[in-house]
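Only a predicted model underlies this, so the values are computations on that prediction, with no experimental measurement involved. Numbered from 1 within each chain, the chains take letters A, B, ... in sequence-line order. Just the heavy atoms: all of them, side chains too, but no hydrogens, waters or symmetry mates, feed the values below.
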There are 2 protein chains.
Amino acid sequence: MKREAAEACCPPPAGKPDLRPIEGAEADEELATLCKAIGHPARVQILRLLVSKEACICGDIVEELPLAQSTVSQHLKVLKEAGLIRGDVDGPRVCYCIEPRTLRRLKALIGGL
Amino acid sequence: MKREAAEACCPPPAGKPDLRPIEGAEADEELATLCKAIGHPARVQILRLLVSKEACICGDIVEELPLAQSTVSQHLKVLKEAGLIRGDVDGPRVCYCIEPRTLRRLKALIGGL
DNA sequence: CGGTGCTATCGTGCTCCAACGATGAAGCGC
DNA sequence: GCGCTTCATCGTTGGAGCACGATAGCACCG
């Protein structure tokens, strides 16, 4: 029942300064995609969970949300497709964690408004 | 055909420091609502238009977007309901402009991630 | 190798969204 | 008052999104 984990995941702080433009048609599309992914309370909650736990938890997310496992899995898929989170397989479980680069990118795009 | 306008609209910079919390269940809901409103390319484009033009334009937005007038009107409604923009009636036309307070609020919420 | 636990995916119903054309309401100019 | 312009709203259609239960795919333990 113990959950140690937090070993093979969430490694790279990745200090790259991001080189893409902050506005323009592509940036508009990108911002819309990211915001659409965040545009659901359950997804915001998941993001907050992954940010707060510095260690990346896995299916414990399901227990935190009042939703069925399949529904949570779908939300995770949406977030992953948007590039906001990452899922590393750790044996039988999957370890999700935020993608700091995308999060920074989002903050930059929002800040550019 | 001239558009002077930019008189009775977009006035208050409103230097109030915003007193609501940056996280919690309510903040989650709020962030989701705001992001959902932004989560469409056309809406991002409208926001950018309103930010760039310091003067708040009106139905010129329709001419900037490759969409029907009714569709643009709906997007404007979504943004207005989210509190991101404001629409002041100026005679026969309507003058839309961003709501700086909400925009700041959004930046704070995103920054809190 | 067979079971068990963890996730992902499938299929389904329902609701909401996005786009359009057509129609209606309000203000201005003549 | 009449017509014109400008927006909003209505009604419709097609396509996503959200939720669930049921099912299938793996990795591990015994």
Side-chain angles (χ1 to χ4, degrees), chain A residues 1-9 28-29 32-47 49-50 56-82 84-97, chain B residues 1-9 28-29 32-47 49-50 56-82 84-97:
Chain A
M1 279 46 177
K2 300 281 186 59
R3 297 290 160 66
E4 302 286 348
E7 299 177 350
C9 184
D28 284 8
E29 199 81 32
T33 302
L34 288 176
C35 279
K36 192 175 182 181
I38 307 182
H40 193 284
R43 252 118 62 184
V44 173
Q45 213 171 335
I46 291 175
L47 280 182
L49 270 176
L50 294 181
C56 42
I57 57 184
C58 75
D60 300 341
I61 303 172
V62 175
E63 301 190 351
E64 294 281 347
L65 302 193
L67 294 173
Q69 177 264 326
S70 56
T71 305
V72 173
S73 192
Q74 268 188 188
H75 285 307
L76 287 169
K77 185 180 179 183
V78 172
L79 289 172
K80 188 162 58 180
E81 284 178 350
L84 281 164
I85 67 175
R86 197 158 31 110
D88 295 325
V89 178
D90 173 30
R93 2 182 187 276
V94 177
C95 175
Y96 284 102
C97 55
Chain B
M1 279 39 179
K2 300 282 184 60
R3 299 288 161 70
E4 303 285 348
E7 300 175 351
C9 186
D28 284 8
E29 199 81 31
T33 302
L34 288 176
C35 279
K36 192 175 181 180
I38 307 181
H40 193 284
R43 252 116 64 182
V44 173
Q45 211 170 336
I46 291 175
L47 281 182
L49 270 176
L50 294 181
C56 42
I57 58 183
C58 73
D60 300 343
I61 302 172
V62 175
E63 300 191 351
E64 295 280 348
L65 303 193
L67 294 173
Q69 177 263 327
S70 58
T71 306
V72 173
S73 191
Q74 268 188 189
H75 284 307
L76 288 169
K77 186 180 179 182
V78 172
L79 289 172
K80 188 162 58 179
E81 284 178 349
L84 281 164
I85 67 175
R86 195 158 32 108
D88 294 326
V89 177
D90 173 31
R93 3 186 184 275
V94 177
C95 176
Y96 283 103
C97 54

> Got a second to check how far A:Leu34's CG is from B:Ile38's CD1, nearest 0.5 Å?
Replying inline: 11.0 Å

> For B:Glu29, what residues pass the side chain to side chain contact (heavy atoms under 4.5 Å, CB included) criterion, not counting sequence neighbours?
Replying inline: A:Pro41

> To the side chain of B:Lys77, which of C:dA19, D:dA8, D:dT9 is closest?
Replying inline: D:dT9

> Whole Å only: how far is the CG atom of A:Leu76 from the P atom of D:dG17?
Replying inline: 16 Å

>> What is the separation between atom CG on B:Asp88 and atom C1' on D:dC7, rounded to the nearest whole Å?
In response: 15 Å

>> How bent is the helix from C:dC1-D:dG30 to C:dC30-D:dG1, measuring the angle between the end axes built from five pairs each, rounded to 10°?
In response: 20°

>> Please give me the minimum heavy-atom distance between B:Ile61 and B:Leu49, naming the atom from each residue.
In response: CG2-CD1, 4.3 Å

>> Using OP1 and OP2 only, check whether a side-chain N or O of A:Tyr96 sits under 4.0 Å from C:dA8.
In response: yes

> Whole-Å distance between D:dC7 P and B:His75 NE2?
Replying inline: 17 Å

> Could you give the CD1-to-P distance, from A:Ile46 to C:dT7, as a whole number of Å?
Replying inline: 13 Å

>> Can you measure A:Leu65 atom CG to C:dT7 atom P for me and round it to whole angstrom units?
In response: 13 Å

Any N/O pairs under 3.5 Å between the protein and nucleotides 20-22 of chain C? List them or say none.
| unit_1 | atom_1 | unit_2 | atom_2 | d |
| --- | --- | --- | --- | --- |
| C:dC20 | OP2 | B:Ala68 | N | 2.8 |
| C:dC20 | OP2 | B:Thr71 | OG1 | 3.0 |
| C:dG21 | N7 | B:Ser70 | OG | 3.4 |
| C:dG21 | O6 | B:Ser70 | OG | 3.2 |

> Under 4.0 Å between a side-chain N or O of B:Ser73 and OP1 or OP2 of D:dC7?
Replying inline: no

> In whole Å, what is the span from the CD atom of A:Gln45 to the P atom of D:dA19?
Replying inline: 11 Å

> What residues, two or more places apart in sequence or in another chain, satisfy side chain to side chain contact (heavy atoms under 4.5 Å, CB included) together with B:His75?
Replying inline: B:His40, B:Ala42, B:Arg43, B:Ile46, B:Leu67, B:Thr71

>> Looking at B:Lys36, I'd like to know whether one of its side-chain N or O atoms comes within less than 4.0 Å of OP1 or OP2 on D:dG17.
In response: no

> Who pairs with A:Gln45 by side chain to side chain contact (heavy atoms under 4.5 Å, CB included), at least two apart in sequence or on another chain?
Replying inline: A:Leu65, B:Asp28

>> Counting only side-chain heavy atoms from C-beta out, which of D:dA8, D:dC18, C:dT7 sits nearest to B:Lys80?
In response: D:dA8

> What's the closest nucleotide to the A:Arg43 side chain, out of D:dC18, D:dA19, C:dA18?
Replying inline: D:dC18

>> Looking at A:His40, I'd like to know whether one of its side-chain N or O atoms comes within less than 4.0 Å of OP1 or OP2 on D:dA16.
In response: no

>> If I compare all heavy atoms of A:Leu76 with all of A:Tyr96, which pair ends up nearest, and what's the gap?
In response: CD1-CE1, 3.6 Å

> Which pair of non-hydrogen atoms, one from B:Ala37 and one from B:Ala82, has the smallest distance, and what is that distance?
Replying inline: CB-CB, 3.6 Å

>> Please encode protein proximity along nucleotides 24-30 of chain D as a string of B, S and -, counting only heavy-atom distances under 4.0 Å.
In response: ---SS--

>> Whole angstroms only, please: what is the CZ-P distance between B:Arg93 and D:dC4?
In response: 17 Å

> Testing A:Leu79, A:Ile57, A:Leu84 for side-chain contact (heavy atoms from CB on, under 4.5 Å) with A:Leu50, which one passes?
Replying inline: A:Ile57

> In whole angstroms, how far is the P atom of D:dA8 from the CD1 atom of B:Ile61?
Replying inline: 9 Å

> Nearest heavy-atom pair of A:Ala32 and B:Val44: which atoms, and what distance?
Replying inline: CB-CG2, 3.9 Å

> Considering residues at least two apart in sequence or located in another chain, which fulfil the side chain to side chain contact (heavy atoms under 4.5 Å, CB included) criterion with A:Lys77?
Replying inline: A:Glu81

